[in-house]
Number of protein chains: 2
Amino acid sequence: MKRTILVFGLLILGLLLLFQFSKYAIISGDLKSEFTIALIAVVFFFVGVYLNKKSLHKSTKVLKEIDHKKIEALDISKREYEVLIGISEGLSNKEIGDKLFVSESTVKTHVSNLLSKLNAKRRTQALQIAKDINII
Amino acid sequence: MKRTILVFGLLILGLLLLFQFSKYAIISGDLKSEFTIALIAVVFFFVGVYLNKKSLHKSTKVLKEIDHKKIEALDISKREYEVLIGISEGLSNKEIGDKLFVSESTVKTHVSNLLSKLNAKRRTQALQIAKDINII
DNA sequence: TAAAGGCTCATACTAAAGTACCAAAGCGGT
DNA sequence: ACCGCTTTGGTACTTTAGTATGAGCCTTTA
């Protein structure tokens, strides 16, 4: 919050300076008026872009990226992660097995390990947790 | 695509006119230079905001809103929808029952109806489908 | 008021999911 | 070559999930 106030303060100060400079430049005729107008236009264009992006970041959630570090931190192996993806696609253990060319038993082992690593009791809970920590 | 070209064409035309007008206004001294500068600033500020919003809509996925019409179209009742939310929270049938103050049997009935309405074989698949059609 | 649909709940099954253990093959690092 | 870890797979068992069916209650609507 303090940082926000600081940023806005500096922004307004900068704009005021630019404003005064422009007025002076135009009146004194040191610079071509076209140049000054273009400068103002460009600066405010980017200010608009910046503020809009800021506000979007604040109000709405931007698309999440997968947190690979978290996956490592939780000690989730490649195979286990592939199984997790299968679960998120709504597949049964049997179907995941077919997809990964392993037996249902193997998938069950992976799922069981996955659940304890994610601290979940059910596969649906695992999905919820996985989404929450951005690993899916 | 045609609409986009038209919009951009008009936008550029408008900005050029504004630009010429500003130059003329400042040189002829009809208007105060402060006013002209402020006008330019405001216009380009909003142009920046507008273009940024446009590009965000195009490139990245914007947060999805729940498609209530789809829910109705699929004939999903209030209670069934509440059960669906419970599933998405990773709860068991028993836990959903506790949350909604009904028995596990009731939840099972709702889940079963939900699955057939969503054309899913499992609750995880129901989640995947529900997310896909933006009802969750 | 009778029909219809939603909500509730139960019983009785079947089918998945999940746990616990064990075991063997394979691989990268020391 | 040995260690540790992943991956694989099996057996046996418990727990959830899901299906089918029937039934009672309530509210809305024809």
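Reminder, nothing fancy here: chain letters follow the sequence lines and each chain counts from 1.
Residues meeting the side chain to side chain contact (heavy atoms under 4.5 Å, CB included) test with A:Ser103, sequence neighbours left out: A:Ser105, A:Thr106. Scanning for side chain to side chain contact (heavy atoms under 4.5 Å, CB included) contacts around A:Asp98 gives A:Lys94, with sequence neighbours left out. For B:Glu95, the side chain to side chain contact (heavy atoms under 4.5 Å, CB included) test picks out A:Arg122, B:Leu91, B:Ser92, with sequence neighbours left out.
Each end of the helix from C:dT1-D:dA30 to C:dT30-D:dA1 gets its own axis from five base pairs, and the two axes differ in direction by 50°, given to 10 degrees.
Sorted by residue number, the members of residues 86-97 of chain A with any non-hydrogen atom under 4.0 Å from DNA chain C read A:Ser92, A:Asn93. Residues of residues 102-130 of chain B that place a heavy atom closer than 4.0 Å to DNA chain C, in numerical order, are B:Val102, B:Ser103, B:Ser105, B:Thr106, B:Thr109, B:His110, B:Arg122.
Shortest non-hydrogen contact noted between B:Ser88 and B:Ile136 is CB-CD1, 3.4 Å. Smallest separation of non-hydrogen atoms from B:Ile129 and B:Leu118: CD1-O, 3.4 Å.
Put simply, the side chain of B:Lys70 does not reach to within 4.5 Å of the side chain of B:Asn134, judged on heavy atoms.
Screening residues 124-136 of chain B for salt bridge (charged side-chain N to carboxylate O under 4.0 Å, His left out), with sequence neighbours left out, gives no hits. Sorted by first and then second residue, the salt bridge (charged side-chain N to carboxylate O under 4.0 Å, His left out) pairs involving residues 99-113 of chain A (not counting sequence neighbours) are A:Glu89-A:Lys99. A salt bridge (charged side-chain N to carboxylate O under 4.0 Å, His left out) check over residues 38-52 of chain A, counting only residues at least two apart or in different chains, returns nothing.
Note that the first and last nucleotides of DNA chain D, 5' to 3', having any atom under 4.0 angstrom from a heavy atom of chain B are D:dA17 to D:dT19.
Summarising the geometry, atom NZ belonging to A:Lys121 is positioned 11.0 Å from atom CG belonging to A:Leu115; distances are rounded to the nearest 0.5 Å. Within the model, atoms CG of B:Leu127 and CD of B:Gln125 stand 10.5 Å from one another, a figure rounded to the nearest 0.5 Å.
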Side chains of residues 78-87 of chain B: which donor-acceptor pairs under 3.5 Å do they make with residues two or more places apart or in other chains?
from	atom 1	to	atom 2	distance (Å)
B:Arg79	NH1	B:Glu82	OE1	2.8
B:Arg79	NH2	B:Leu100	O	3.0
B:Glu80	OE1	B:Ser77	N	2.9
B:Glu80	OE1	B:Ser77	OG	3.4
B:Glu80	OE1	B:Lys117	NZ	2.8
B:Glu80	OE2	B:Lys117	NZ	3.1
B:Tyr81	OH	B:Ile135	O	2.8

Report all interatomic pairs (protein N or O, nucleotide N or O of nucleotides 27-30 of chain C) with separations under 3.5 Å.
none

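Atom P of nucleotide C:dG6 and atom OH of B:Tyr81 are separated by 17 Å, given to the nearest angstrom.
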